[in-house]
Amino acid sequence: MIKLQHVEMLLAIEQAGSIRAASKRLGKTQPAVTKALRQAETELGAAIFKRAPSGVAVTEDGKQILRRAGIIQAELRKMQEEVEQRRGDGTGRLNVTVSPLAASRIIGGTIRRFRRRFPKVRVQITGGHEPMAFGPVRDGLVDFVIGPEPREADAAGLSVAHLVETPISVIASTASRWAGETRLEAIAAADWLMIGTYKRLPYLQRHFISRGLPPPDPMVTSDSITSILAMVEDGDFLCTFPGLLIDRVRAKWRICALDLDESLQASRIALVTASERPPTPAMQYFADCVLQVARNEIGPPIP
């Protein structure tokens, strides 16, 4: 059976890109790491790495093995953090993925509250979007996603706490030919941008498909909200955007929201965690802070 020290070693090789570099990182000799790797591969009955010009590359079997190794390492870290936090030593770290609305309206107040109780816990905040953001939560690599709630097809293994509901607007440059357009069927053929990656396409196209309209196919996708706003401001693009952020956007960018005859489907914002992983004290308090800040900043949780 594979041993826990093998998990650390396998992940070190993956991160370092070579056995030699991993040996230095682990403080072990290269022959010792090579021997441990061979033992792990023998126990598992699968090759995890193969030779590459600049070190090693991960095999197809290795990708799945390393994914599970990462989950094991994350759970061991959480176990240690829970013990330390319950003893009163509030150390550890949290990984949080946020949508544009959460980044602008929720996360700042949450961090201020959270640090008053857990000043030693490091928090890593990353921008991200559904549905890609949910896999790392299930795997224990990300602790929270604050953003649009998962669709039913994406919700397995997740716990969803509803926060707020935001209308969805379509934004354009104030100089765009689309700025005064009111008909949804007219803008379907425009050049579109989309926040996130192409995997979010169903979230954009649902607004049109539900009305029997041909859905747009975005020309550019981006995780960078600044890039999206800059392209909208300087071009003739359209993009869906959280209605609760429109006033802030208009204050800084030459951007307007189209006054459409038909409202687009609103987006429910939620706090998403793994349903099968018990929270550490720091995680539980962070979740409490998110709920309180969302209530104070935007309004009471949606039913």
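Computed over heavy atoms, backbone and side chain alike; hydrogens, waters and symmetry mates excluded. Computed from a prediction, not measured in an experiment: that's the story for all the values here.
- Taking 4.5 Å as the limit, every side-chain heavy atom of R268 sits out of range of all side-chain heavy atoms of P148.
- Within the 4.5 Å cutoff, side-chain heavy atoms of I125 are placed close to those of I111.
- If you check the side chains of Q39 and E43, you find no donor sitting under 3.5 Å from an acceptor.
- Rounding to the nearest 0.5 Å gives a distance of 6.0 Å between CD1 of I48 and CG of L37.
- In the hydrophobic cluster analysis, where Ile, Leu, Val, Met, Phe, Trp and Tyr join through side-chain heavy atoms closer than 4.5 angstrom, V142 is grouped apart from V98.
- The number of heavy-atom neighbours closer than 6.0 Å to CZ of R68, taken from other residues, nucleotides and ligands shown, is 12 or below.
- With rounding to the nearest 0.5 Å, the separation of CD1 in I107 from CZ in F114 is 10.0 Å.
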Using the rule given for side chain to side chain contact (heavy atoms under 4.5 Å, CB included), can you reason through L163 versus I106, listing the C-alpha separation, both sets of side-chain angles and the distance that settles it, and then say yes or no?
CA-CA 10 Å; L163 300 176; I106 297 174; 4.2 Å; yes
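- Residues D288 and Q284 bring a donor and an acceptor atom of their side chains to less than 3.5 Å of each other.
- The shortest heavy-atom contact between R138 and A156 is NE-O, 2.6 Å.
- Contact check for M194 versus Y203: no side-chain heavy atoms found under the 4.5 Å cut-off.
- Side-chain contact between H129 and I195: present, with at least one pair of heavy atoms (C-beta onward) separated by less than 4.5 Å.
- Counting only distance, with no hydrogens or angles, the side chain of S210 and the backbone of R206 share a donor-acceptor pair below 3.5 Å.
- In terms of heavy-atom proximity, L141 sits nearest to G70 at CD2-O, 3.8 Å.
- Note on I269: it does not cluster hydrophobically with L204, by side-chain heavy-atom contacts below 4.5 Å among ILVMFWY residues.
- Cation-pi contact between R113 and F118: absent, since separation from the ring centre below 6.0 Å together with deviation from the ring axis within 45° is not met.
- With respect to E181 and R183, a salt bridge is recorded, a charged nitrogen being found less than 4.0 Å from a carboxylate O.
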Set out, in order, the CA-CA distance, both residues' side-chain angles and the distance that settles side chain to side chain donor-acceptor pair (under 3.5 Å) for T182 and D259, then state yes or no.
CA-CA 5 Å; T182 62; D259 186 17; over 6 Å; no
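- Counting heavy atoms from C-beta outward, R93 and Q124 have side chains that stay 4.5 Å or more apart.
- Salt bridge E75/K78: absent, no basic N to carboxylate O contact under 4.0 Å.
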Could you walk me through whether V56 and K50 pass the side chain to side chain contact (heavy atoms under 4.5 Å, CB included) test, one step at a time?
CA-CA 5 Å; V56 294; K50 58 185 178 182; over 6 Å; no
Residue pair R277, I71: steps toward the side chain to side chain contact (heavy atoms under 4.5 Å, CB included) verdict:
CA-CA 11 Å; R277 290 188 169 80; I71 295 171; 3.3 Å; yes
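- The main-chain N or O of F134 is never found under 3.5 Å from a side-chain atom of D154 such that the two would form a donor-acceptor pair.
- Here the straight-line distance linking atom CE of M283 with atom CG of L94 works out to 7.0 Å at 0.5 Å rounding.
- A donor-acceptor pair is defined here as one N or O able to donate and one able to accept, closer than 3.5 Å; no such pair exists between the side chain of S169 and the backbone of I171.
- Put simply, the residue from F237, F208, Y198 that forms a ring pair (Phe, Tyr, Trp, His ring centres under 6.0 Å) with W192 is F208.
- Side chain to side chain, S176 and S173 fail the donor-acceptor criterion of an N or O pair below 3.5 Å.
- Rounded to the nearest 0.5 Å, atoms CG (L258) and OG1 (T240) are 11.5 Å apart.
- Side-chain heavy atoms closer than 4.5 Å link hydrophobic residues (I, L, V, M, F, W, Y) into clusters, and following such links, possibly through other members, connects V123 to I146.
- Of the possible polar contacts, none joining the T97 side chain to the G127 backbone as a donor-acceptor pair under 3.5 Å is found.
- Closest heavy-atom contact between D61 and A46: OD2-CB, 3.8 Å.
- The shortest non-hydrogen separation linking L238 to A172 is CD2-CB, 3.5 Å.
- With hydrogens and angles disregarded, no donor-acceptor distance shorter than 3.5 Å links the side chain of T91 to the backbone of V121.
- Note: L271 CG to T273 OG1 = 6.0 Å, rounded to the nearest 0.5 Å.
- The main-chain N or O of A270 is never found under 3.5 Å from a side-chain atom of E149 such that the two would form a donor-acceptor pair.
- Side chains of F241 and I255 form no contact here, defined as non-hydrogen atoms less than 4.5 Å apart.
- Other residues, nucleotides and ligands place more than 12 heavy atoms under 6.0 Å from the CZ atom of R151.
- Looking only at atom types and distance, the side chain of T280 has no donor-acceptor partner in the side chain of E81 under 3.5 Å away.
- Note on V249 and I225: same hydrophobic cluster, where clusters join Ile, Leu, Val, Met, Phe, Trp and Tyr whose side-chain heavy atoms are under 4.5 Å apart, directly or indirectly.
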Which side-chain N or O atoms in residues 2-21 pair as donor and acceptor under 3.5 Å with protein atoms at least two apart or in another chain?
| residue | atom | partner | partner atom | Å |
| --- | --- | --- | --- | --- |
| H6 | ND1 | K3 | N | 3.2 |
| Q15 | OE1 | R25 | NH1 | 3.1 |
| S18 | OG | A21 | N | 3.0 |

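- Checked by atom type and distance alone, the side chain of R51 never pairs as donor or acceptor with a backbone atom of A57 at under 3.5 Å.
- Looking at every heavy atom in both residues, P281 comes nearest to R86 through CG-CG, 3.8 Å.
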Kindly indicate, with the supporting measurements, whether the criterion side chain to side chain contact (heavy atoms under 4.5 Å, CB included) is fulfilled by V137 and F144.
CA-CA 7 Å; V137 174; F144 301 98; over 6 Å; no
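- Residues V272 and P150 meet the side-chain proximity criterion, which asks for heavy atoms closer than 4.5 Å.
- No continuous path of ILVMFWY side-chain contacts below 4.5 Å connects I209 to L184, so the two sit in separate hydrophobic clusters.
- Between L193 and C239, the shortest heavy-atom contact is O-SG, 3.6 Å.
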Donor-acceptor contacts under 3.5 Å from residues 260-267 side chains, at least two apart:
| residue | atom | partner | partner atom | Å |
| --- | --- | --- | --- | --- |
| E262 | OE1 | R211 | NE | 3.1 |

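- D217 CG: more than 12 foreign heavy atoms inside a 6.0 Å radius.
- In summary, the side chains of Q80 and R77 do not present any donor paired with an acceptor at a separation below 3.5 Å, with no hydrogens or angles considered.
- Here the straight-line distance linking atom CZ of R254 with atom CD of E233 works out to 4.0 Å at 0.5 Å rounding.
- By the 4.5 Å heavy-atom criterion applied to side chains, I65 and F49 are not counted as neighbours.
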